[in-house]
Amino acid sequence: MKLYNTRSRTKEEFVPLQEDQLRLYACGPTVYNYFHIGNARAFLFFDVVRRYFEYIGYKVTYVQNITDIDDKIIEQATEENQDFQEVAQKYAAAFLEDCAHLGIGAPTHQPRATQVMPEIIALIKKLVDTNHAYEVDGDVYFATTSLPEYGQLSGKKIDEQKTGARVAENMSKRHPADFTLWKASKPNEPFWSSPWGDGRPGWHTECVVMSQNYLGESFDIHGGGIDLVFPHHENENAQAMALSGKPLARYWMHNGFLNIDGEKMSKSLKNFFTARDILDEYDAEAIRFFFLSKHYRSPIDFTRELIVESDKAVDNFYKALEAFELDSLNVKEIRCPECLRLEEDFRSCMDDDFNTARAIAILFDLTRLAKNSESSAENRLDAARMLLKLGKVLGFFQHPETRLSKQMPDLSKALIELMLSYRTQARAEKNWAKSDQIRDDLKALGIEIKDGPTGSTWDQRN
RNA sequence: GGCGACAUAGCCAAGCGGUAAGGCAGAGGUCUGCAAAAUCUCCAUCCCCGGUUCAAAUCCGGGUGUCGCCUCCA
């Protein structure tokens, strides 16, 4: 298993801290708004990382934070004329809903920042006590100059950074790169009591606390979007290094950005679609396919046309599956040698820094095998089984029954079958006008008739 | 100014020194009363210029173009 480690900028052989166990942390949202389709890429990707490790036999402990106190939440609360907690609650609930809708499995632990306030304060206190942090008028800053390794993760040399150009200089800081650990509260702002007075945590510390709480002081993989490398992850790592001398995580994985028409999407540029909006319009599996069809580290350009294409592609998987009874597909043992070989290929793709694009190509190989009329019935069935099995590793086919069985009341089905029988009769009588009328009328209702050598079947089309 | 990524068919996209996966679209065949569906087949020499090598989309040098980070951000 090789994966690209941001820290070293190379693919490295993955060696877990403990055999067959993965301790994984991926940054979750700050809940001040609905998350957008770009965020969805990160959540979806690390969902696949988790699924794949489980598939190859790891016991995975997956932790994802929900940051529910932050300047932006306070701003949003002012805007919505609500308490910051109500805002955080609302968007945290929406986050969970949207993730479920996207087919993202629940993390093992999903702590919230406000639940670990004593631990956050204790951590900052330790940093102050060891001279890695200092207080100025109720604010506490991390002293980046106290840590020789600062900048290592992101490959930045702090002295070479442009300072003062786009960042207002903060005269209380000893060094421009120093970052806020604790922020004194202004009147009417939420606060927690601390040794430095009333205030709230800055960004970064909550992730250190929440990850270490569940995963230990140094764990296997830490992930998130590429933009988090600096400053967020650099600053998280700095705190961990300062405390224990060990990096927070040994492997750092970062997914590339999503662009809209070639331009960066971001909350501040306001050119974003929420995942919620896109989910209203398109199938979750189409969105998953769209993301996984490109390597996770590359930038990806979002267009509606590509989602539509993806949806058609996913359709082909289901067309291969629907020839078989669902119960017969869930058998564990698969014997067809070609299928087993493809499973090995699938693993070697995924073992190569999660090459999901190649992995998907293998799903299509299986699709073709499952439909190949020249191979034996057993082999076709096995191919469909393998397709289902490997597709699930990528998070597809979580509820195949809903897509495979036509989702409509039995009465409607019976009526369609009835119309179909009338048409079959008309065709037997060579009454083409009548049979074509039935076909066209049903099509207008979204029911497509497919004539085959063994008779006519129907499908619901959207 | 510092650091980094990318450039493959109409579109999306793999490829990591041995002669271009896969998907969408398109073309053709079979099937069909016709159509659809299904199925089979076909469809690129890899931004440009040099170099290394028996061999390069893949390595090196130089261009050109696009994008990102250095500021809240997945």
Side-chain angles (χ1 to χ4, degrees), chain A residues 6 9 11 26-30 32-33 35-46 70-72 75 151 154-163 165-168 177 203 223-232 234 254-259 262-269 272 275 289-290 292-301 303 305-317 319 323 345 349 352-353 355-365 367-368 371-374 427 430-433 435-436 439-440 443 448-453 456-459 461:
Chain A
T6 303
R9 281 132 215 275
K11 278 187 204 172
C27 281
T30 298
Y32 67 100
N33 208 331
F35 69 88
H36 61 60
I37 188 69
N39 300 94
R41 184 182 199 186
F43 302 151
L44 220 38
F45 174 65
F46 288 101
D70 172 89
D71 290 4
K72 292 192 293 295
E75 273 171 41
S154 56
K156 292 190 188 311
K157 299 176 191 100
I158 49 176
D159 290 333
E160 286 177 7
Q161 301 305 304
K162 249 188 176 173
T163 54
R166 289 150 85 192
V167 191
W203 199 27
I226 185 83
D227 56 312
L228 293 184
V229 176
F230 190 90
H232 187 49
E234 186 71 61
H254 295 98
N255 62 278
F257 261 117
L258 175 139
N259 298 319
E263 266 215 316
K264 175 182 162 178
M265 161 190 262
S266 77
K267 286 170 184 168
S268 56
L269 288 178
F272 71 88
F289 185 96
F290 164 71
L292 298 183
S293 65
K294 186 147 184 177
H295 187 84
Y296 77 92
R297 282 191 281 117
S298 306
I300 193 167
D301 204 43
T303 64
E305 290 70 32
L306 287 173
I307 303 292
V308 171
E309 265 188 25
S310 300
D311 194 52
K312 287 181 190 164
V314 171
D315 231 27
N316 283 325
F317 297 148
K319 280 177 187 159
D345 289 350
C349 297
D352 182 16
D353 194 29
N355 193 332
T356 53
R358 264 177 73 196
I360 279 179
I362 288 163
L363 259 37
F364 281 107
D365 290 340
T367 300
R368 216 172 308 112
K371 294 202 277 195
N372 188 341
S373 54
E374 282 174 19
R427 292 181 71 205
K430 295 192 192 296
N431 187 344
W432 309 129
S435 76
D436 289 353
R439 182 171 70 197
D440 294 345
K443 190 170 186 182
E448 192 167 53
I449 291 180
K450 301 189 284 191
D451 294 330
S456 302
T457 56
W458 60 276
D459 230 343
R461 292 262 153 204

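Computed over heavy atoms, backbone and side chain alike; hydrogens, waters and symmetry mates excluded. In this text the structure is predicted, and so the values were computed from the model without any measurement. Protein chains get the first letters and strands the later ones, always in sequence-line order, with residue 1 at the start of each.
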Open item on the list: Could you work out, with ring pair (Phe, Tyr, Trp, His ring centres under 6.0 Å) as the rule, every residue matching A/Phe257, not counting sequence neighbours?
Closed with: none

Task: Non-hydrogen atoms of A/Gly151 and A/Glu234 that approach each other most closely - done: N-OE2, 2.8 Å

Open item on the list: Looking at B/rU66, which nucleotide sits across from it as a Watson-Crick or G-U wobble partner, both distances under 3.5 angstrom, or is there none?
Closed with: B/rA5

Task: For A/Phe45, all residues meeting ring pair (Phe, Tyr, Trp, His ring centres under 6.0 Å), sequence neighbours excluded - done: A/Tyr296, A/Phe354

Open item on the list: Distance check needed: B/rC11 P versus A/Leu306 CG, whole Å only.
Closed with: 12 Å

- [ ] Quote, to the nearest angstrom, the C1' distance that separates B/rC54 from B/rC12.
- [x] 36 Å

TODO: Please state the C1' separation for the pair B/rG4 and B/rC40 - nearest whole angstrom.
DONE: 47 Å

Task: Residues in side chain to side chain contact (heavy atoms under 4.5 Å, CB included) contact with A/Ile37, at least two apart in sequence or another chain - done: A/Ala40, A/Leu258, A/Met265, A/Phe273, A/Ile278, A/Ile287, A/Phe291, A/Phe302

Would you tabulate the nitrogen or oxygen pairs shorter than 3.5 Å linking the protein to nucleotides 39-46 of chain B?
from	atom 1	to	atom 2	distance (Å)
B/rU39	OP1	A/Lys371	NZ	3.0

- [ ] Taking the side chain as every heavy atom from C-beta outward, state whether A/Lys72 and A/Asn33 have any atom pair closer than 4.5 Å.
- [x] no

Task: Residues which pass side chain to side chain contact (heavy atoms under 4.5 Å, CB included) with A/Ala26, listed by chain and number, not counting sequence neighbours - done: A/Phe46, A/Tyr62

TODO: Please state how far atom CD in A/Glu305 lies from atom P in B/rC11, giving the value in whole angstrom units.
DONE: 14 Å

Task: B/rG17 and B/rA13, which share atom name C1', separated by this distance in whole Å - done: 22 Å

- [ ] Just name whichever nucleotide pairs with B/rC59, Watson-Crick or G-U, keeping both distances under 3.5 Å, else none.
- [x] B/rG51

TODO: Can you sort out the partners of A/Ser435 under side-chain hydrogen bond (donor to acceptor under 3.5 Å, both in side chains), two or more places apart, ordered by chain and number?
DONE: none

Please list each protein N or O that sits under 3.5 Å from an N or O in nucleotides 65-69 of chain B, with the distance.
from	atom 1	to	atom 2	distance (Å)
B/rC69	OP1	A/Lys264	NZ	2.1

Task: Proximity to the side chain of A/Pro231 - top-ranked nucleotide from B/rG4, B/rC72, B/rG33 - done: B/rC72

Task: Spacing of A/Phe290 atom CZ relative to B/rC12 atom C1', expressed in whole Å - done: 9 Å

- [ ] Among the candidates B/rG4, B/rG33, B/rA74, find the nucleotide nearest to the side-chain atoms of A/Ala42.
- [x] B/rA74

Task: Counterpart residues, side-chain hydrogen bond (donor to acceptor under 3.5 Å, both in side chains), relative to A/Asp345 (two or more places apart) - done: A/Arg341

Open item on the list: When both hydrogen-bonding distances must be under 3.5 Å and the geometry is Watson-Crick or G-U wobble, what is B/rC24 paired with, if anything?
Closed with: B/rG10

TODO: Under 4.0 Å between any heavy atoms, over every strand shown, what does A/Gly224 touch: base, sugar-phosphate, or nothing? Just pick one.
DONE: sugar-phosphate

Please tabulate, one pair per line, each protein N/O and nucleotide N/O from nucleotides 14-21 of chain B that are separated by under 3.5 Å, including the distance.
from	atom 1	to	atom 2	distance (Å)
B/rA14	OP1	A/His295	N	2.8
B/rA14	O3'	A/Asn355	ND2	2.9
B/rG15	OP1	A/Asn355	ND2	2.5

Open item on the list: Return whichever of A/Ser435 or A/Gly225 has its heavy-atom-nearest nucleotide of RNA chain B closer to the 5' end.
Closed with: A/Ser435

Open item on the list: Please determine whether a side-chain nitrogen or oxygen atom of A/Lys319 lies at a distance below 4.0 Å from atom OP1 or OP2 of B/rA38.
Closed with: yes

TODO: Decide, yes or no, whether a salt bridge links A/Asp440 with A/Lys443 under the criterion of side-chain N to carboxylate O below 4.0 Å.
DONE: no

Task: Residue mapping more 5' on RNA chain B - nearest nucleotide basis, A/Ala433 or A/Gly28 - done: A/Ala433

Open item on the list: I'd like to know if A/Asp436 reaches the base of B/rG33 with its side chain such that a donor and an acceptor end up less than 3.5 angstrom apart.
Closed with: yes

Task: Under-3.5 Å donor-acceptor pair between A/Arg439 side chain and B/rA35 base - done: yes

- [ ] Rounded to whole angstrom, note down the P distance from B/rC34 over to B/rG29.
- [x] 14 Å

TODO: Sequence neighbours left out, what passes side chain to side chain contact (heavy atoms under 4.5 Å, CB included) with A/Ser298? Give chain and number order.
DONE: A/Lys294, A/His295

Task: Atom of A/Gly225, atom of A/His254 and distance for their closest heavy-atom approach - done: O-CD2, 3.4 Å

Open item on the list: Suppose we call a contact any N or O donor and acceptor under 3.5 Å apart; does that hold for the side chain of A/Asp451 and the base of B/rA36?
Closed with: no

Task: Side-chain ion pair, A/Lys312 and A/Asp315, N-O less than 4.0 Å - done: no

Open item on the list: Suppose you measure atom P in B/rA37 against the same atom in B/rU8; what distance do you get, rounded to whole Å?
Closed with: 31 Å

Task: Contacts of type side chain to side chain contact (heavy atoms under 4.5 Å, CB included), residue A/Ala357, not counting sequence neighbours - done: A/Asn355

Task: Closest heavy-atom pair and its distance - A/Arg41, A/Gly256 - done: NH1-O, 3.0 Å

Open item on the list: So A/Ile362 and A/Cys349, do their side chains get closer than 4.5 Å, heavy atoms only?
Closed with: yes

Open item on the list: Using the P atom as the point on both nucleotides, what is the distance between B/rU19 and B/rA55, in whole Å?
Closed with: 15 Å

TODO: Using the C1' atom as the reference point in each nucleotide, state the distance between B/rG28 and B/rG18 in Å, no decimals.
DONE: 34 Å

Open item on the list: Checking base pairs now: Watson-Crick or wobble, both atom distances under 3.5 Å. What partners B/rU39?
Closed with: B/rG29

Open item on the list: In whole Å, I'd like the distance from the CG atom of A/Leu292 to the P atom of B/rA13.
Closed with: 14 Å

TODO: Apply the side-chain hydrogen bond (donor to acceptor under 3.5 Å, both in side chains) test between A/Arg297 and each candidate in A/Thr6, A/Asn255, A/Asp353; give the one that qualifies.
DONE: A/Asp353

Task: Nucleotide nearest A/Trp432 (side chain, heavy atoms from C-beta), chosen from B/rC12, B/rG33, B/rA35 - done: B/rG33

Open item on the list: Could you tell me how far B/rA74 sits from B/rG68 if I compare only their C1' atoms? Round to whole Å.
Closed with: 14 Å

Task: Under 3.5 Å on both distances, the Watson-Crick or G-U partner of B/rG17 - done: none

Open item on the list: Heavy atoms only, 4.0 Å cut-off, all strands: where does A/Ile449 land among base, sugar-phosphate and nothing?
Closed with: base

Protein N or O to nucleotides 24-26 of chain B N or O, pairs below 3.5 Å:
from	atom 1	to	atom 2	distance (Å)
B/rC24	OP1	A/Asn316	ND2	2.3

